[in-house]
Amino acid sequence: MPNQSIKNTTKSAAPTEPTVKVKKITPPQLVRGMHDLLPAEWPWWNFISSVIKEQAEAYRFERLETPILEKLNLFTRAIGGSTDIVEKEMFAFVDKNEDHLALRPEYTAGLARAYIEHGMMALHKPIKLFCFGPVFRHERPQAGRFREFRQYDFEIYGEAGAAADAQIILLASSFFSKLHLPITIQINSVGCPTCRAAFRQKLVDYFRSKRSHLCEDCKRRLVKNPLRILDCKVEECHAQALRAPQIVDSLCLECSTHFTKLLEYLDEVDLAYQLNPYLVRGLDYYTRTVFEIWAEGDDGKNTLAAGGRYDNLITDLGGVATPAIGFAGGAERLILELKARAIPVPEIPPPDLFLACLGEPARKKAFRLFEELRNQGVKVAESFTKDGLKGQLEIANKLKVKFALVLGQKEMMDGTIIVRDMENGIQEIVDLKKVVTEIKKRIEASVTDTSLL
Ligand code: ATP
Ligand code: MG
């Protein structure tokens with residue numbers, strides 16, 4: 001109320017301005033660990049998406065997407081109560097109906113649920129599925145570690161033979177080759193519940209005598225999940241792990257035969273790999289084959305992708321026994337690695353054409369012409385909100401288009417339009433009615449494919 005503030009002023013001659021209290025508004029901010037994928041990032045995202053799609057087509061995987069939100073107990077049952085994911089990293093909450101829900105921390109549990117729920121056991125095997133989308137883990141954000149990140153995931157259901165393990169590893173390996181990223185493949189077998197139980201006991205006996213050298217997490221793991229001590233990244237624990245018993249020596253005959261066969265398949269295609277006895281993976285559901293993909297020179301602290309076999313997962317969730325194998329990788333981590341190694345990615349191709357206009361009647365006509373060109377498959381850009389021709393042509397230059405169409409008042413009256421070659425500045429007057437056909441011909445004649453590396 002301005003009057004009131006005038007009354008409140010002191011005796012000074014000139015009335016002061018009414019004081020308007022400006023409420024400070026705090027702009028909204030990202031939730032910690034989340035990130036926006038800004039336009040500049042998309043050449044990388046498009047590149048990896050296209051390679052994921054290529055791999056799916058080449059190896060005949062079909063896409064299946066599950067919801068981001070699932071019942072909490074799906075993950076606790078599938079992933080295992082003593083894993084980092086379930087113990088510490090889940091975004092879990094109770095909704096308005098008192099349902100216990102969680103944002104998916106990975107894809108496999110949801111895919112297994114979908115497999116059972118849609119009766120896929122009745123389908124012809126193997127069933128090859130892939131997905132690509134966001135997953136959530138409440139971890140401490142740092143380089144390459146986010147709370148929301150995207151995973152690509154490939155899984156084969158209904159194939160127990162080692163050929164499926166080999167194919168999944170080959171798919172992963174050729175995926176990184178197509179991205180021009182040098183990697184190493186780390187492989188191990190974690191056996192089946194029977195041989196693993198015996199190995200677990202051997203490990204507990206060994207690490208118990210080294211207990212004082214273990215980190216606090218590993219002291220807990222000694223009781224809950226002793227295999228995970230083997231891949232602890234704390235130096236002292238790793239030093240103890242170097243002399244620990246190795247699981248390959250404890251595998252039962254079936255598991256060791258399976259592992260040997262897998263290695264034979266990989267040798268058959270000359271795929272280089274490293275046997276890594278310390279690789280156990282963080283999830284309880286793995287049986288037999290486990291593997292990780294590391295960027296060349298990395299020591300496993302920044303794993304690009306990881307996977308393995310989980311033959312008991314479907315039965316553990318109440319489905320009909322179905323062996324399965326799969327792997328998943330983090331897309332953000334992959335993009336960071338591509339950038340760190342300055343690996344070129346295809347640019348988003350520029351539009352074919354820029355449509356410029358002068359004056360309101362021409363703008364209306366251009367508005368319509370834009371739609372005609374677009375319907376004819378011409379990639380056309382415009383800047384209808386800019387008035388001056390100079391400003392419009394500057395944008396055309398920035399976009400690196402080969403041609404610009406200019407529609408001014410004179411052309412409107414003559415029923416023509418100017419075609420400008422942006423490389424040499426040569427202009428030509430063309431009949432407005434024929435311009436779509438005319439420009440298509442020129443674009444086709446000038447095409448060089450920029451979409452491939
Ligand atoms: P890490 O040992 O790095 O925590 P993990 O064993 O928990 O990885 P998986 O559950 O196997 O990871 O997930 C597969 C892939 O997803 C990882 O190899 C990695 O590329 C990616 N990933 C896992 N956690 C994150 C995260 N918090 N942020 C970004 N990417 C991640
Ligand atoms: Mg983790």
Side-chain angles (χ1 to χ4, degrees), residues 30-35 37 41 44-45 48 52 75 78-80 82-91 102-112 130-155 168-169 171-173 175-176 179 181 183-188 190 217-218 221 225 227-234 237-238 276 278-286 289-295 298-310 313 325-340:
L30 273 171
V31 173
R32 190 165 137 80
M34 312 283 148
H35 51 275
L37 304 179
E41 292 292 309
W44 281 272
W45 285 92
I48 63 171
I52 290 168
F75 301 116
I79 300 172
S82 62
T83 56
D84 283 352
I85 292 183
V86 170
E87 269 188 343
K88 310 180 207 162
E89 299 171 359
M90 208 104 83
F91 275 90
L103 301 183
R104 65 178 178 217
E106 52 113 57
Y107 263 113
T108 303
L111 276 183
F130 83 102
C131 21
F132 182 31
V135 299
F136 299 82
R137 296 187 191 178
H138 204 283
E139 300 192 68
R140 197 168 67 79
Q142 50 192 293
R145 198 170 288 284
F146 306 97
R147 289 184 175 173
E148 181 194 27
F149 60 99
R150 279 117 198 117
Q151 273 191 344
Y152 47 91
D153 184 301
F154 288 81
E155 314 208 349
I168 277 282
I169 293 173
L171 186 159
S173 159
F175 171 68
F176 290 100
L179 295 167
L181 200 62
I183 50 140
T184 66
I185 302 169
Q186 310 286 317
I187 305 187
N188 195 18
V190 290
D217 273 345
C218 282
R221 288 178 183 137
N225 197 352
L227 265 75
R228 288 241 57 194
I229 305 176
L230 291 175
D231 79 345
C232 179
K233 302 289 182 288
V234 175
C237 302
H238 184 62
N276 183 338
Y278 310 107
L279 195 69
V280 291
R281 308 287 308 120
L283 291 74
D284 280 359
Y285 54 57
Y286 285 114
T289 312
V290 289
F291 68 97
E292 286 193 358
I293 308 285
W294 297 354
D298 187 43
D299 56 1
K301 289 199 181 75
N302 206 12
T303 303
L304 291 174
R309 181 166 275 286
Y310 32 93
L313 177 61
I325 175 139
F327 84 99
E332 281 79 355
R333 238 182 238 188
L334 172 57
I335 289 175
L336 283 173
E337 199 59 44
L338 292 174
K339 287 181 178 172

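Positions are given from 1 along the sequence. When a ligand or atom number is given, it counts from 1 through the structure's own listing order.
A salt bridge links Arg281 with Glu292: the closest approach of a Lys/Arg side-chain nitrogen to an acidic carboxylate oxygen falls below 4.0 angstrom.
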Go through it in stages, so that I can follow the logic: the residues are Phe176 and Leu334, the test is side-chain contact (heavy atoms from CB on, under 4.5 Å), and I'd like the CA-CA distance, side-chain angles, deciding distance and then a yes or no.
CA-CA 9 Å; Phe176 290 100; Leu334 172 57; 3.7 Å; yes
With side-chain contact (heavy atoms from CB on, under 4.5 Å) as the test, would you mind laying out the steps for Leu181 and Leu304 before giving the verdict?
CA-CA 11 Å; Leu181 200 62; Leu304 291 174; 3.8 Å; yes
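For Arg145 (side chain) and Asn302 (main-chain N/O), no donor-acceptor pair under 3.5 Å exists by modelled atom type.
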Ligand 1 polar-atom proximity to protein (N/O, under 3.5 Å):
{"residue": "ligand 1", "atom": "3 (O)", "partner": "Arg145", "partner atom": "NH2", "Å": "2.8"}
{"residue": "ligand 1", "atom": "3 (O)", "partner": "Arg333", "partner atom": "NH1", "Å": "3.0"}
{"residue": "ligand 1", "atom": "3 (O)", "partner": "Arg333", "partner atom": "NH2", "Å": "3.0"}
{"residue": "ligand 1", "atom": "4 (O)", "partner": "Arg145", "partner atom": "NH1", "Å": "2.8"}
{"residue": "ligand 1", "atom": "4 (O)", "partner": "Arg145", "partner atom": "NH2", "Å": "3.3"}
{"residue": "ligand 1", "atom": "6 (O)", "partner": "Arg281", "partner atom": "NH1", "Å": "3.4"}
{"residue": "ligand 1", "atom": "7 (O)", "partner": "Arg137", "partner atom": "NH1", "Å": "2.9"}
{"residue": "ligand 1", "atom": "10 (O)", "partner": "Arg137", "partner atom": "NH1", "Å": "3.0"}
{"residue": "ligand 1", "atom": "10 (O)", "partner": "Arg137", "partner atom": "NH2", "Å": "2.8"}
{"residue": "ligand 1", "atom": "11 (O)", "partner": "Arg281", "partner atom": "NH2", "Å": "2.3"}
{"residue": "ligand 1", "atom": "13 (O)", "partner": "Gln151", "partner atom": "NE2", "Å": "3.1"}
{"residue": "ligand 1", "atom": "16 (O)", "partner": "Gln151", "partner atom": "NE2", "Å": "3.2"}
{"residue": "ligand 1", "atom": "18 (O)", "partner": "Thr303", "partner atom": "O", "Å": "3.2"}
{"residue": "ligand 1", "atom": "20 (O)", "partner": "Thr303", "partner atom": "O", "Å": "2.9"}
{"residue": "ligand 1", "atom": "20 (O)", "partner": "Leu304", "partner atom": "O", "Å": "3.0"}
{"residue": "ligand 1", "atom": "20 (O)", "partner": "Gly330", "partner atom": "N", "Å": "3.1"}
{"residue": "ligand 1", "atom": "27 (N)", "partner": "Glu139", "partner atom": "OE2", "Å": "2.7"}
{"residue": "ligand 1", "atom": "27 (N)", "partner": "Phe146", "partner atom": "N", "Å": "3.4"}
{"residue": "ligand 1", "atom": "27 (N)", "partner": "Phe146", "partner atom": "O", "Å": "2.9"}
{"residue": "ligand 1", "atom": "28 (N)", "partner": "Phe146", "partner atom": "N", "Å": "2.9"}

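Between Phe154 and Phe175, the ring centre distance reaches or exceeds 6.0 Å.
Residues Glu332 and Trp45 are in side-chain contact: their nearest non-hydrogen atoms beyond the backbone lie under 4.5 Å apart.
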